[in-house]
Amino acid sequence: MTEKDVPLYLDPKGFVSNDNKYPCSTQYMVYDPMQHKYFLTEKCLNFHGIDVERRYISCSPNKIKEFIELVTDTVYDYIQYKVGLKNFQVMLYRIAVAPEQIYLDPYTFRKQFEKVLIIQAKYIIDNGVISNYSAYDLAHGIPDGKKPEDEFRDNLMVAPRAINKLESMGLTSWFSLAPFINLDTNKY
């Protein structure tokens, strides 16, 4: 799939007929077929009152693009961490295509995933990029004799509401893909 194969719809008017092709892009969320990921748009951030220019600290000349990529990477990385590398391709497919066999209303599923990205964007704006800071003060010794790398993964970077939403959408559940199923990633 190439970028020109991804249809562009006006949300919500473009979804009234309910014969849309997925994955798709709207003015609020675009699909990148090279990465198989959805990204929020600057228009979406403005619509939801997320002021990246004034509240996100970055030295990058294109801080809005950097912020949007950070939001998407954070959400998708969390999904990959929860389901494992092998099943991550299946989750990418489910998010992109929203198959009707699993989701009765693909548009609603797509809007829920958009909401997860918006929740995560607001969380990063409100709390900063807390993964840049260590919770350990090594000047005072290692707490409980454990080093930071001995701990389980710290998911403080992901909004708790986003985690709850991803769980309710079934995107964080680990499952085993049948060995005879070959996922064709070229179709999405």
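As a basis for the values below, the full set of heavy atoms in this structure was taken, side chains included, without hydrogen atoms, waters or symmetry mates.
No donor-acceptor pair under 3.5 Å is formed between the side chain of Arg110 and the backbone N or O of Tyr22.
Summarising the geometry of Thr74 relative to Leu70, their closest heavy-atom pair is OG1-O, 2.6 Å, with the distance given to 0.1 Å. Minimum interatomic distance between Lys63 and Glu53 (heavy atoms only, all atoms of both residues): NZ-O, 3.2 Å. Shown here for Ile68 and Glu42, the closest heavy-atom pair between the two residues is CD1-N, 4.0 Å. Closest approach of Thr72 to Leu117, counting heavy atoms only: CA-CD2, 4.2 Å. Minimum interatomic distance between Pro160 and Tyr123 (heavy atoms only, all atoms of both residues): CD-CE1, 3.8 Å. Across Met91 and Gly170, no two heavy atoms sit closer than the pair CE-O, 3.9 Å.
Partners of Asn20 by side chain to side chain donor-acceptor pair (under 3.5 Å), not counting sequence neighbours: none found. In terms of the side chain to side chain donor-acceptor pair (under 3.5 Å) criterion, Ser168 has no residue partners (sequence neighbours excluded). Residues satisfying the side chain to side chain contact (heavy atoms under 4.5 Å, CB included) criterion with Glu66, sequence neighbours excluded, are Tyr56, Ser58, Ser60. Under the side chain to side chain contact (heavy atoms under 4.5 Å, CB included) criterion, Glu3 pairs with Pro33, not counting sequence neighbours. For Asp126, the side chain to side chain donor-acceptor pair (under 3.5 Å) criterion is met by Arg55, not counting sequence neighbours. Every salt bridge (Lys or Arg N to Asp or Glu O under 4.0 Å) that Asp73 has, sequence neighbours left out, goes to Lys37. The side chain to side chain contact (heavy atoms under 4.5 Å, CB included) check on Ile163 picks up Tyr78, Val158, Glu167, with sequence neighbours excluded. The salt bridge (Lys or Arg N to Asp or Glu O under 4.0 Å) test applied to Glu69 returns Lys65, not counting sequence neighbours. By the side chain to side chain contact (heavy atoms under 4.5 Å, CB included) test, Ser17 pairs with Asp19, sequence neighbours left out. Not counting sequence neighbours, Asn46 has no partner by the side chain to side chain donor-acceptor pair (under 3.5 Å) test.
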What pairs of donor and acceptor atoms, side-chain ones from residues 6-15 against any protein atom, are under 3.5 angstrom apart with sequence neighbours left out?
residue	atom	partner	partner atom	Å
Tyr9	OH	Lys21	N	2.9
Asp11	OD1	Tyr107	OH	2.5
Asp11	OD2	Lys111	NZ	2.7

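Cluster membership for Ile119 and Ile125, using ILVMFWY side-chain heavy atoms within less than 4.5 angstrom, is not shared.
Here the straight-line distance linking atom CD of Gln80 with atom CD of Gln89 works out to 9.0 Å at 0.5 Å rounding. Atom CZ of residue Phe113 and atom CD1 of residue Ile118 lie 11.5 Å apart, to the nearest 0.5 angstrom. Atom CD1 of Ile95 and atom CZ of Phe109 lie 6.0 Å apart (nearest 0.5 Å). To the nearest 0.5 Å, the span separating OG1 on Thr26 from OH on Tyr31 amounts to 14.5 Å. Here the straight-line distance linking atom NZ of Lys122 with atom CZ of Arg161 works out to 7.5 Å at 0.5 Å rounding. The line from CD1 of Ile64 to OG1 of Thr41 is 10.5 Å long, rounded to the nearest 0.5 Å.
Side-chain atoms of His48 and Leu40, non-hydrogen and from C-beta on, never get closer than 4.5 Å to each other. When side chains are defined from C-beta on, Glu114 does not count as touching Tyr38, because their heavy atoms never get closer than 4.5 Å. Considering only heavy atoms from C-beta on, Tyr103 comes within 4.5 Å of Arg94 through its side chain.
For CD of Gln35, the number of neighbouring non-hydrogen atoms (other residues, nucleotides, ligands) closer than 6.0 Å is greater than 12.
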Legend entry - Val116 and Met169: CA distance, side-chain angles, deciding distance, side-chain contact (heavy atoms from CB on, under 4.5 Å) verdict: CA-CA 10 Å; Val116 168; Met169 294 168 69; 4.1 Å; yes
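Hydrophobic side-chain contacts under 4.5 Å tie Tyr28 into a cluster, directly or through other members, with Phe47.
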